[in-house]
Amino acid sequence: MQENTEAETGDRRERMIRRLVEAAGVVIDRDGYAAASTPEILRQAGVSRGALYHHFQRKEQLGDAILDRQRVFFEEVAEQTASGPAPRFWLQALIDISHHYTASILQDPVLRAAVRLSIEPGPYQTAQSYAAPLGAVTAVLEAARAADELQDHVTPEEASRTLVGCYSGVQLLALALAERQALHQQVSAMWSLIMPGLARGHVLTQLRLDPPIS
C-alpha cells in the first residue's frame, strides 16, 4: 500500500512539474524570457504561487527545465546514430532529423521556448545551450564521413556549427516575421543551398530535401 501511495505521489509530482514547464514554455515562447512574468506563468498553469515555488524556486530553474527537453531530444538523436541501424544515406537522415525537429517545434511550445532561449540575448545564449544540437549533428556527419558521403573538404565539427547556426537563423527570422508555419519550407530551402557543399555528387542526386511523407 505504501509503495502504491508513493508511486501516486511521484506521478502527481511529475504531472505538476510538466504542467509548470509547459506553462512557462507557452509564456516564454510568446513573450521572451526577460518579459515572462511569474504571475503570467501561474495564470497559464492555473496553479498557486505555492505550487510553483514547491518545485521551482527561481525562473532560471524553469528555463533550465525547458532547455533540458531540447537536450533530451538531441541526445536521443545522437544515441540512435551510435546504436541504430545505418540508413541508406546518413545525410538523408540528417535532413529528416531537421524536419522532425521542425515538426516538434511547431507542436510543442516547450521546444519553441528552448529555441527562443537559445537565440535571444540573455542568460541562455551560451555555448552550453547549443552543446546538445551540435553534438547530435556532429555525430550524424561523422557517420556520413565514414560512409564516404561527404566531400573531401567537409569537416564534421565545423560543418555542424554552420548547420546549427543556419537553422538557428531560420528560426530567428521566422520568429521575427511571424512565419513559423512556413518553417518546413524554409528548412528545405536551407538544405537546397547548403547540401551541394556537403554531399558527394552521387549522394546529392538521391537526397530528398522536403519533409518525409508520413
Side-chain angles (χ1 to χ4, degrees), residues 17-18 20-22 24-29 32-34 36 55-84 86-87 90-147 149-150 154-176 180 183 186-187 190-191 194-195 197-198:
I17 290 174
R18 185 165 57 250
L20 290 166
V21 171
E22 289 176 354
V26 170
V27 176
I28 291 173
D29 174 49
Y33 180 75
H55 300 288
F56 300 99
Q57 284 72 50
R58 303 184 310 279
K59 188 168 74 169
E60 290 87 346
Q61 292 177 327
L62 282 166
D64 292 344
I66 287 169
L67 278 178
D68 193 57
R69 185 173 296 190
Q70 183 190 64
R71 177 189 60 78
V72 169
F73 179 97
F74 284 108
E75 285 185 352
E76 288 176 351
V77 168
E79 182 178 344
Q80 290 168 4
T81 300
S83 60
W90 284 104
L91 289 178
Q92 184 65 66
L94 184 61
I95 293 167
D96 291 347
I97 288 166
S98 72
H99 283 294
H100 175 46
Y101 184 56
T102 299
S104 298
I105 286 173
L106 294 174
Q107 297 167 6
D108 187 348
V110 177
L111 283 179
R112 292 199 300 273
V115 171
R116 184 151 188 172
L117 285 174
S118 300
I119 63 179
E120 284 192 350
Y124 292 100
Q125 197 181 51
T126 65
Q128 185 59 36
S129 297
Y130 288 93
L134 284 171
V137 173
T138 299
V140 178
L141 288 174
E142 290 282 6
R145 182 174 65 176
E149 297 178 23
L150 300 180
V154 177
T155 303
E157 187 172 349
E158 292 181 358
S160 70
R161 290 172 177 262
T162 299
L163 290 173
V164 172
C166 287
Y167 189 90
S168 297
V170 167
Q171 283 282 345
L172 183 60
L173 187 60
L175 177 65
R180 269 186 170 159
L183 266 179
Q186 293 162 0
V187 170
M190 179 194 80
W191 285 122
I194 293 177
M195 194 55 73
L198 292 177

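These numbers were taken from a predicted model, which means no experiment stands behind them.
By the 4.5 Å heavy-atom criterion applied to side chains, Q70 and F74 are counted as neighbours. In this structure, the side chains of I95 and Q92 come closer than 4.5 Å at one or more pairs of heavy atoms. Within the 4.5 Å cutoff, the side chain of F56 has no heavy atoms near those of the D64 side chain.
Screening residues 133-143 for salt bridge (Lys or Arg N to Asp or Glu O under 4.0 Å), with sequence neighbours left out, gives E142-R145. Applying the salt bridge (Lys or Arg N to Asp or Glu O under 4.0 Å) test to residues at least two apart or on different chains, the pairs with a partner in residues 120-129 are R116-E120.
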Next on the checklist: Evaluate L91 against L141 for side chain to side chain contact (heavy atoms under 4.5 Å, CB included), listing each step before the verdict.
Outcome noted: CA-CA 7 Å; L91 289 178; L141 288 174; 4.0 Å; yes
Next on the checklist: Pair D68, R71 - check side chain to side chain contact (heavy atoms under 4.5 Å, CB included), show working.
Outcome noted: CA-CA 5 Å; D68 193 57; R71 177 189 60 78; 2.4 Å; yes
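Sparse packing is recorded around CD of Q128, with 12 or fewer heavy atoms of other residues, nucleotides or ligands lying under 6.0 Å away. A 6.0 Å sphere centred on CZ of R69 holds more than 12 heavy atoms belonging to other residues, nucleotides or ligands. For CD of E79, the number of neighbouring non-hydrogen atoms (other residues, nucleotides, ligands) closer than 6.0 Å is 12 at most.
Judged by distance alone, the side chain of Y167 and the main-chain N or O of V187 form no donor-acceptor pair under 3.5 Å. Checking side-chain atoms of S129 against main-chain N and O of Y124 turns up a donor-acceptor pair under 3.5 Å. No donor-acceptor distance shorter than 3.5 angstrom exists from the side chain of K59 to the backbone of A24, with no hydrogens or angles considered.
For the atom pair CG of L172 and CD1 of I119, the computed distance is 4.5 Å after rounding to the nearest 0.5 Å. Within the model, atoms CG of D29 and CD of E22 stand 13.0 Å from one another, a figure rounded to the nearest 0.5 Å. Between atom CZ of residue R112 and atom CD1 of residue I66 there is a gap of 11.5 Å, rounded to the nearest 0.5 Å. One distance of note links CE of M195 with CG of L198; it measures 5.5 Å at 0.5 Å rounding.
A side-chain contact (heavy atoms from CB on, under 4.5 Å) with S118 is found for one member of L67, T126, V164 and no other, namely L67.
A139 and T81 get closest at one heavy-atom pair: O-CG2, 3.8 Å. The minimum heavy-atom distance linking G197 with V154 is given by the pair O-CG2, 3.6 Å.
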